[in-house]
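Accompanying notes for the structure given below.
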There are 2 protein chains.
Amino acid sequence: MTQKKPTLVSLAESIGVSRQTVSNVLNAPQRVKPATRERVLKAVQESGYRPSAAARQLRTRRSMDLGLRLTPVTDGINGAVQDRFLHALTEAAQDAGYRLTLYSARDDEEEIRHIDELLHVADLDGFVLTGTHAGDPRTAWLQEHAVPFAAFGRPWSRTADPFESAHPWVDIDGAAGTESATGFLLEQGHRRIGFLGWRPDEGLGDDRRAGWRRAMEAAGSCGSLNELSAATDDDVAAGASAVDGLLARGVTALVCASDSLALGAFAQLRAVLPPEVEPAVVGFDDTPVAAAVGLSSVAPPVADAARRIIAVLSHVLAGRPAGEGPHRHQVLKPSLVVRKPYALGRTVPRRQGG
Amino acid sequence: MTQKKPTLVSLAESIGVSRQTVSNVLNAPQRVKPATRERVLKAVQESGYRPSAAARQLRTRRSMDLGLRLTPVTDGINGAVQDRFLHALTEAAQDAGYRLTLYSARDDEEEIRHIDELLHVADLDGFVLTGTHAGDPRTAWLQEHAVPFAAFGRPWSRTADPFESAHPWVDIDGAAGTESATGFLLEQGHRRIGFLGWRPDEGLGDDRRAGWRRAMEAAGSCGSLNELSAATDDDVAAGASAVDGLLARGVTALVCASDSLALGAFAQLRAVLPPEVEPAVVGFDDTPVAAAVGLSSVAPPVADAARRIIAVLSHVLAGRPAGEGPHRHQVLKPSLVVRKPYALGRTVPRRQGG
DNA sequence: TTGTAAGCGTTATCAA
DNA sequence: TTGATAACGCTTACAA
């Protein structure tokens with residue numbers, strides 16, 4: 001039943017060639033005479049021989065294994081993005097001949113320790129970084145130690161140009177996303193469109209806010225833009241409680257930095273507005289929650305991003321020159337998913353705790 | 001900057017002992033004289049030496065690596081369970097000294113091919129199976145090939161006793177979950193409580209239906225139970241469209257086999273019932289969507305399950321006898337999370353009795 | 001075009 | 001208690 005696994009040697013012996021010939025057939029077929037090549041390949045097929053990754057790794061110093069940190073699911077809503085990303089990344093890595101090893105870390109420092117450990121112990125070939133932010137210690141560490149990696153997220157910095165960055169990265173154009181969301185609301189006739197986002201972060205959040213601002217300014221709404229913008233924590237309750245202030249300033253529609261915020265805002269608007277007025281809210285990330293409650297949302301092409309990340313990273317790992325191959329810095333445009341809200345309820349959402 | 005990685009040999013030379021002594025300090029400390037042991041350990045610390053997994057694996061034939069399939073996120077709602085499970089599993093594996101390798105497969109046959117491949121190539125020590133079902137070809141294959149594994153999900157079968165199963169598994173007691181959900185609705189005064197589930201599957205779905213049935217029978221509702229039960233696909237739309245038929249049969253409250261179904265049913269009830277009537281619906285899995293919408297739901301202890309799976313599996317892999325150590329077959333009771341619709345973020349968890 | 005020799009870093013075996 | 005020797009399965013360099 002369970003057959004003993006053939007090795008290069010046992011296979012070579014069984015067909016009367018040296019183990020080197022078999023290795024060549026697999027790694028440098030052109031060096032082997034077609035006739036013997038055929039014979040060897042047939043034997044490989046029949047025996048089900050697969051080279052041992054450990055042995056190969058020991059010799060070549062390449063593990064064909066990539067590392068990815070799994071961040072704790074904070075909120076469950078925005079966590080869905082990680083889920084989709086992970087899945088696409090697994091498939092892309094698999095297709096490219098790489099395996100994916102997960103590790104879990106609470107913060108950047110812990111992640112660095114894990115990377116260091118995995119580098120020593122398992123000889124990982126490279127890493128995929130997610131959630132890059134201003135002053136990210138991980139990119140610095142990896143570059144210092146000459147570890148190949150690609151980031152999902154540009155290197156946020158006020159001073160440096162991300163397109164000059166030494167490491168490859170793929171990112172979503174958040175600004176373009178909120179810009180098109182704002183454009184959509186403008187088309188619907190809204191003029192005082194608010195933005196509900198996070199506190200200034202020199203990163204993701206500011207980028208999304210910038211897109212809204214750009215669209216508003218292009219539409220001629222200058223001057224009072226600051227008062228249409230709110231900055232809070234990233235959860236449903238915070239989204240709900242920010243709404244009243246914005247309404248007081250005459251806001252009739254909202255672009256949000258996340259689906260969590262959007263959902264909170266949406267629920268609150270449902271509670272406050274007259275029943276015949278449909279709340280005009282657009283979220284960000286197109287999570288299952290948005291789909292479930294019928295919330296419009298900006299949909300980042302995470303699966304595409306994952307594939308591109310593997311493409312650049314494996315290009316780098318193959319030792320190919322940076323000039324050819326996939327672009328080392330890519331910004332992907334999100335799309336807008338427009339939905340009609342379900343009638344889920346009219347109750348007032350409340351802030352947890354106090 | 002980047003220091004050259006020390007090896008067993010270089011480390012041994014640097015302190016003037018044989019490489020074997022260093023190896024012994026690490027793997028069989030009791031065989032080494034305390035004095036030298038100290039000396040070696042100190043050198044290990046200072047040099048930051050870590051044994052190479054590949055070399056060790058080549059020698060010991062153990063990879064300290066476990067495999068897990070990542071199933072495609074079908075619906076996004078129920079997928080959240082996989083996310084939580086994966087996270088807990090990663091941490092547990094990490095803590096137990098194992099690494100986790102992911103692979104993606106569309107169906108059981110493809111999974112088996114991947115397992116076979118990973119076994120040959122990467123010498124994985126074991127696998128974690130999820131989503132077991134009646135007539136599962138994977139368990140058969142793994143047993144036939146003597147591959148260690150543990151399943152999240154009992155071996156569903158009409159004939160065989162799952163507790164007699166040869167392989168370890170951990171499962172959620174779905175019936176207990178729906179039973180307590182039904183009990184909760186009974187307490188609220190409902191009498192005609194419907195069940196909205198999937199078509200008969202000799203597995204997960206039937207189990208959840210059975211719990212509802214048990215609670216209803218215990219409450220004296222015999223006879224007409226079948227007409228209170230509906231079976232559909234597992235998505236929001238199907239949940240919504242099943243509602244009318246159930247209402248026509250006098251159902252006043254619903255226990256659902258998933259949050260997708262529950263959400264659909266809930267939305268439909270909101271649309272159909274008079275505004276002052278709060279729909280009484282309980283979902284299953286306690287997904288972020290349920291939390292966001294304020295839907296009561298049965299919460300399976302997935303994180304706990306993940307930890308227990310790693311515990312049994314690593315017990316098996318350590319070659320320990322089945323008699324001692326963690327139980328090889330474990331059924332975990334879910335809890336019921338009671339929410340008020342749209343009381344966003346405000347949850348009242350209830351403990352499940354007995 | 002094919003075969004031989006050496007070595008990747010570790011642990012198992014056994015002798016000192 | 002310690003150390004020498006021999007693998008584990010593979011690839012690289014070089015010789016035939």
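This one's a predicted model, so the numbers in the text were calculated from it and none came from an experiment. Each chain gets a letter, A, B and so on, in the order its sequence line appears, and its residues count up from 1.
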Presence of salt bridge, A:Arg99 and A:Asp125, under 4.0 angstrom: no
Within the pair A:Arg61 and C:dG9, is there a side-chain N or O less than 4.0 Å away from OP1 or OP2? yes
At their closest point, which heavy atom of A:Asp136 faces which heavy atom of A:Gly131, and how far apart are they? OD2-O, 4.1 Å
Nearest 0.5 Å please: distance from the CG atom of B:Leu118 over to the CZ atom of B:Phe127. 5.0 Å
For B:Met64 and C:dT11, give me the distance from atom CE to atom P, rounded to whole Å. 12 Å
Provide a list of protein-nucleic acid N or O atom pairs under 3.5 angstrom, restricted to nucleotides 12-14 of chain C.
from: C:dA12; atom 1: O4'; to: B:Arg59; atom 2: NH2; distance (Å): 3.0
from: C:dA12; atom 1: N7; to: B:Gln20; atom 2: NE2; distance (Å): 3.0
from: C:dA12; atom 1: N6; to: B:Gln20; atom 2: NE2; distance (Å): 2.6
from: C:dT13; atom 1: O4; to: B:Gln20; atom 2: NE2; distance (Å): 3.1

Provide, to the nearest angstrom, the distance between the CD atom belonging to A:Gln30 and the P atom belonging to C:dT1. 10 Å
Compute whether any side-chain donor of one residue and acceptor of the other, for B:Thr101 and B:Asp65, lie under 3.5 angstrom apart. yes
B:Gln82 versus B:Thr130, side-chain donor and acceptor atoms under 3.5 Å: no
What is the distance, rounded to the nearest whole Å, between atom CG of A:Leu8 and atom P of C:dG3? 12 Å
Between its two end axes (five pairs each) the helix from C:dT1-D:dA16 to C:dA16-D:dT1 turns, nearest 10 degrees, through 40°
Taking only distance into account, with no hydrogens and no angle test, what donor-acceptor pairs under 3.5 Å do side-chain atoms of residues 53-61 of chain A form with protein atoms, sequence neighbours excluded?
from: A:Gln57; atom 1: NE2; to: A:Ala122; atom 2: O; distance (Å): 3.0
from: A:Thr60; atom 1: OG1; to: A:Arg56; atom 2: O; distance (Å): 2.8
from: A:Thr60; atom 1: OG1; to: A:Arg62; atom 2: N; distance (Å): 3.3

State whether A:Thr36 places a side-chain N or O below 4.0 Å from either non-bridging phosphate oxygen (OP1 or OP2) of C:dT2. yes
When the distance from CD of A:Gln57 to P of C:dC8 is rounded to whole Å, what number comes out? 15 Å
When the nearest nucleotide of DNA chain C is assigned to A:Ala55 and to B:Arg56 on a heavy-atom basis, which residue is associated with the more 5' position? A:Ala55
Taking atom P of D:dG3 as reference, at what distance in whole Å does atom CG of B:Leu11 sit? 13 Å
Parallel, tilted or perpendicular: which one describes the rings of A:Phe152 and A:Phe85, with boundaries at 30° and 60°? parallel
Atom-to-atom span, CG of B:Asp123 to P of C:dT10 - whole angstrom: 18 Å
Does B:Ser18 place a side-chain N or O at less than 4.0 Å from the phosphate oxygens OP1/OP2 of D:dG3? yes
Using only side-chain N and O atoms of B:Thr21, determine if any of them is under 4.0 Å from OP1 or OP2 of D:dT2. no
With no hydrogens and no angle check, just 3.5 Å: does a side-chain donor-acceptor pair link A:His133 and A:Trp156? no
Roughly, in whole Å, what's the span from CD in A:Glu13 to P in C:dT4? 12 Å
Please report whether the ring centroid of B:Trp169 lies less than 6.0 Å from that of B:Phe149. no
Whole angstrom is fine here: how far is it from CG in A:Leu58 over to P in D:dC8? 14 Å
